[in-house]
> 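Handing you a structure now.
Just so we're on the same page: letters track the sequence lines, and every chain starts at 1.
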Amino acid sequence: MNSTVRVRFAPSPTGPLHIGGVRTALYTFLYARKHQGTFILRIEDTDQGRYVPGAEDYIKEALDWLNIQPDEGPEIGGDLGPYRQSERKAIYKKYADEIIAKGNAYFAFDTPEDLGALRKEAEANKENFKYDASTRMSLKNSLSLSPDEVQNLMDQEAPYVIRLKVNPNEEVVFQDLVREEVRWSTNELDDKVLMKADGMPTYHFANIVDDHLMKVSHVIRGEEWLSSTPVHVLLYRAMGWEDTMPEFCHLPLILKPVGKGKLSKRDGAKFGFPVFPLDWVDPKTGEEVTGFREKGFEAEALLNFLALVGWNPGDNEEVMDINTMIEKFSIDRVSKSGGRFDYDKAKWFNAQYVQQGDEEDLATKLKPLAAQKGYEVSDDFLKGFVQLMKTRVTFVNEFLDEGYYFFEEVKAYDEKNLRKKWKEDKRAKFDLLYQRLDRINNFTEEVVETEVKAFLQEEELGFGAVLPILRIGLSGTLKGPSVFGMMELLGKEKTLNRLKKAYADFDKLLQNV
RNA sequence: GGCCCGUUGGUCUAGUGGCUAUGACACGGGACUUUCUAUCCUGGGACAGGAGUUCGAUCCUCCUACGGGCUGCCA
């Protein structure tokens with residue numbers, strides 16, 4: 001195996017990192033760790049018009065939250081930086097000169113307006129305008145113009161771009177690690193812009209220059225890049241770098257849950273689930289999106305879920321930590337077809353992490369949340385609470401809402417069910433039971449349970465006639481953890497006070513029918 | 001429109017030239033239980049369609065359909 005694996009995640013800071021991008025980052029990271037390689041973060045900010053302030057920080061914060069830590073990157077550093085493309089302008093310039101000198105690229109002076117008009121015209125004829133071997137000689141470039149004319153334009157400082165000279169009638173064949181052999185005719189390609197009029201490179205050029213210079217061994221990216229890969233191959237060839245060209249690996253896309261197309265921001269709004277890792281407010285429009293983190297997802301659970309849309313280890317283990325994923329990951333088990341986003345499954349993974357989570361850890365996570373609500377409780381209490389509630393919630397942030405009654409007084413009773421159970425003829429029995437509970441010294445779940453059971457037997461009462469009343473008295477609701485467990489955690493004093501108050505409330509409630 | 005990529009239950013998927021086609025989520029039923037969960041058991045449900053190749057195709061080939069991507073001085 002290649003012992004010098006160097007892979008990179010190369011997002012563009014044009015907005016919040018999409019969940020598909022997160023998955024690409026994850027696979028890239030897994031691949032790097034699996035092969036003791038290097039994971040590089042490179043910021044592809046060559047489009048000054050689309051730059052969004054805060055987006056780069058968002059990307060870093062998201063990776064940080066997910067614990068997908070780059071080995072090299074902006075701020076982190078590394079020997080082959082800088083890792084922000086906007087800081088590499090001079091480098092691209094140098095290689096652009098080189099590719100021109102080699103005769104594999106040329107200057108083009110056509111304005112965006114010229115080209116727009118040509119596209120429109122072609123469209124009217126139901127055709128496609130393409131800047132390629134068939135049209136370039138009738139356009140304004142250093143191939144069609146005389147050297148003098150070109151020099152003239154240069155002297156006038158006319159804006160120009162640099163385009164790749166694609167030769168017609170050739171076939172480009174490359175191996176993709178997930179798609180195997182892919183073929184393309186150069187007749188389908190166009191003379192891609194390499195350097196823009198503003199002096200910045202396009203994605204294509206910056207990408208191959210950087211991957212080459214950063215000694216990237218494998219290009220792992222989404223399938224939307226598959227169709228520009230032949231251009232990249234041509235570029236490596238044109239630069240004379242083909243022998244060290246990286247391997248390509250195009251990941252299947254994540255599709256929307258229903259209907260057509262890939263998962264988008266709109267789907268999140270439409271179905272009410274996150275499609276971004278973190279909350280984000282667009283600095284321009286003020287538009288807000290919610291993140292998986294804020295929704296209450298555990299980073300590990302999100303990663304676990306994401307890992308399995310588009311990849312599976314081939315065994316039947318689905319719940320696994322990052323180290324297991326690293327151990328099992330392999331690109332030849334990445335699937336070719338796009339996967340639909342299944343939010344139910346994402347939630348299931350989270351519930352698994354909550355339920356299998358360490359109680360101390362969960363309690364630690366709950367502590368600040370509890371403090372926020374003004375709940376003052378001991379660590380032991382919190383741990384006991386977690387124990388009682390953890391199979392009943394999907395998200396950590398549901399604990400305190402679902403079980404609020406452990407921290408404050410009952411807000412409302414489930415009247416409907418109360419009416420069914422709070423019978424006149426049983427009223428006296430509840431006072432007896434109260435007295436019985438009052439006599440217990442060691443108020444633990446086991447003792448309370450034994451006592452209550454004994455009482456029920458003596459009085460010839462069923463569980464169903466008594467427990468629901470206690471439950472509603474203590475929590476207001478009919479759902480929740482074991483009544484005896486609740487009693488122990490609340491403690492004798494609070495339990496009895498609540499019951500006393502509840503009995504009185506129940507009597508009152510039922511009088512005003 | 002053109003080119004490229006894809007297609008196993010509702011969803012994510014395993015799988016091999018010959019099996020009752022795997023597991024998970026979701027859904028139905030049951031068990032447990034004081035309730036809600038969780039858990040356990042259990043049920044229904046898929047090889048897109050058509051031609052080939054072959055003794056035999058989910059698996060190989062071709063065509064069709066459908067889905068996706070690209071088609072910018074965006075990434």
> Examine Phe407(A) together with Phe385(A) and report whether their ring centres are nearer than 6.0 Å.
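Ring centroids of Phe407(A) and Phe385(A) are less than 6.0 Å from each other.
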
> For atom C1', what is the distance between U16(B) and C25(B), given to the nearest Å?
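It comes out at 26 Å once rounded to the nearest Å.
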
> Rounding to an integer number of angstrom, what distance separates A14(B) and U22(B) when you compare their P atoms?
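Taking atom P in both A14(B) and U22(B), they lie 14 Å apart.
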
> For Gln356(A), does the CD atom sit with more than 12 other heavy atoms under 6.0 Å from it, leaving out its own atoms?
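More than 12 heavy atoms, drawn from other residues, nucleotides or ligands, come within 6.0 Å of this atom.
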
> Base, sugar-phosphate, or nothing: which does Gly480(A) touch, judged by heavy atoms less than 4.0 Å apart?
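If one applies the 4.0 Å heavy-atom cut-off, Gly480(A) turns out to touch a base.
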
> Could you tell me whether the phosphate oxygens of C4(B), OP1 or OP2, come under 4.0 Å of any side-chain nitrogen or oxygen in Arg179(A)?
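No, outside the criterion.
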
> For atom C1', what is the distance between C12(B) and A51(B), given to the nearest Å?
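Result for the C1' pair: 32 Å, nearest Å.
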
> Between C36(B) and G28(B), how far apart are the P atoms? Round to whole Å, please.
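The same atom, P, in both gives a distance of 15 Å.
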
> For a quick check of understanding: with a heavy-atom distance under 4.0 Å over all strands, which category does Asp110(A) fall into, base, sugar-phosphate or nothing?
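Touches a base.
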
> Between G43(B) and U7(B), how far is it from one C1' atom to the other, in whole Å?
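One C1' to the other, the span is 28 Å.
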
> Scan Arg333(A) against the nucleic acid and name what it touches under 4.0 Å (heavy atoms): base, sugar-phosphate only, or nothing.
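The answer is sugar-phosphate, as Arg333(A) gets under 4.0 Å only of primed atoms, P, OP1 or OP2.
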
> Counting any heavy atom closer than 4.0 Å, what does Lys336(A) reach on the DNA or RNA strands: base, sugar-phosphate only, or nothing?
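Sugar-phosphate only.
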
> Which is true for Ser335(A) with a 4.0 Å heavy-atom rule: it touches a base, it touches only sugar-phosphate, or it touches nothing?
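Counting heavy atoms under 4.0 Å across all strands, the contact made by Ser335(A) is with sugar-phosphate only.
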
> Do the side-chain N or O atoms of Thr14(A) get closer than 4.0 angstrom to the phosphate oxygens (OP1, OP2) of C74(B)?
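False: Thr14(A) side-chain N/O out of range (4.0 Å or more) of C74(B) OP1/OP2.
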
> Scan Gly462(A) against the nucleic acid and name what it touches under 4.0 Å (heavy atoms): base, sugar-phosphate only, or nothing.
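Touches nothing.
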
> On the six-membered ring of Tyr27(A), is Arg23(A) placed so that its NZ or CZ lies under 6.0 angstrom from the centre and within 45° of the ring axis?
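Yes, a cation-pi geometry.
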
> How are the rings of Tyr58(A) and Trp280(A) set to each other: parallel, tilted or perpendicular (split at 30° and 60°)?
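Perpendicular, since the angle between the ring planes exceeds 60°.
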
> Establish, yes or no, whether a centroid distance under 6.0 Å links the rings of Phe273(A) and Phe341(A).
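Yes - the distance between ring centres of Phe273(A) and Phe341(A) falls below the 6.0 Å cut-off.
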
> Between the protein and nucleotides 67-71 of chain B, list every N/O to N/O distance that falls short of 3.5 Å.
from	atom 1	to	atom 2	distance (Å)
G67(B)	OP1	Lys260(A)	NZ	2.9
G68(B)	OP1	Gly261(A)	N	2.5
C70(B)	O4'	Ser227(A)	OG	3.0
C70(B)	O2'	Ser227(A)	OG	3.4

> Could you tell me the separation between the CG atom of Asn316(A) and the C1' atom of C25(B), rounded to a whole number of Å?
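It works out to 14 Å between those atoms.
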
> Within this structure, what is the CZ-to-P distance between Phe349(A) and C25(B), rounded to whole angstrom?
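That distance rounds to 9 Å.
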
> Under 3.5 Å, is there any donor-acceptor pair linking the side chain of Arg392(A) to the base of C36(B)?
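Counting by modelled atom types and ignoring angles, a donor-acceptor contact under 3.5 Å is found here.
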
> Do Lys390(A) side-chain and A38(B) base share a donor-acceptor contact under 3.5 Å?
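No such pair is found, so the answer is no.
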
> Please measure how far the C1' atom in U20(B) lies from the corresponding atom in U61(B), and state the result in whole Å.
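Each nucleotide's C1' atom is 30 Å from the other's.
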
> Could you state the NZ-P distance from Lys196(A) to C73(B), rounded to the nearest angstrom?
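Computing the Lys196(A):NZ to C73(B):P distance gives 10 Å.
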
> Among Tyr106(A), Tyr160(A), Tyr131(A), which residue meets the side chain to side chain donor-acceptor pair (under 3.5 Å) test with Asn141(A)?
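Answer to the side chain to side chain donor-acceptor pair (under 3.5 Å) test with Asn141(A) among Tyr106(A), Tyr160(A), Tyr131(A): Tyr131(A).
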
> Taking atom P in both U58(B) and G17(B), compute the distance separating them and give it to the nearest angstrom.
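To the nearest whole Å, 13 Å.
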
> Taking atom C1' in both C70(B) and A75(B), what distance in whole Å separates the two?
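These two C1' atoms come out 13 Å apart once rounded.
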
> Strictly under 6.0 Å, is that where the ring centroids of Tyr343(A) and Phe271(A) end up?
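Ring centres of Phe271(A) and Tyr343(A) not closer than 6.0 Å.
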
> Under 4.0 Å between any heavy atoms, over every strand shown, what does Glu318(A) touch: base, sugar-phosphate, or nothing? Just pick one.
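If one applies the 4.0 Å heavy-atom cut-off, Glu318(A) turns out to touch a base.
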
> Checking only heavy atoms, does the side chain of Ser482(A) share a donor-acceptor pair with the base of U33(B) at less than 3.5 Å?
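Answer is no: no donor-acceptor pair is held.
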
> Determine the contact category for Ser12(A): base if any of its heavy atoms lies under 4.0 Å from a base atom, sugar-phosphate if only primed atoms, P, OP1 or OP2 are that close, otherwise nothing.
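Result for Ser12(A) = sugar-phosphate.
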
> Looking across every strand, which nucleic acid part, if any, lies under 4.0 Å from Pro481(A) by heavy atom: base, sugar-phosphate, or nothing?
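Here Pro481(A) touches the bases of the nucleic acid.
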
> Relative to each other, are the rings of Tyr503(A) and Phe506(A) parallel, tilted or perpendicular (30° and 60° limits)?
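Tyr503(A) vs Phe506(A) ring planes: tilted.
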
> Is the ring centre of Trp225(A) less than 6.0 Å from the ring centre of Tyr203(A)?
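Distance test on ring centres: under 6.0 Å, yes.
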
> Using a cut-off of 4.0 Å on non-hydrogen atoms, how would the nucleic acid contact of Val193(A) be classed: base, sugar-phosphate, or nothing?
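Sugar-phosphate: the residue Val193(A), judged by heavy atoms under 4.0 Å, touches backbone atoms but no base.
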
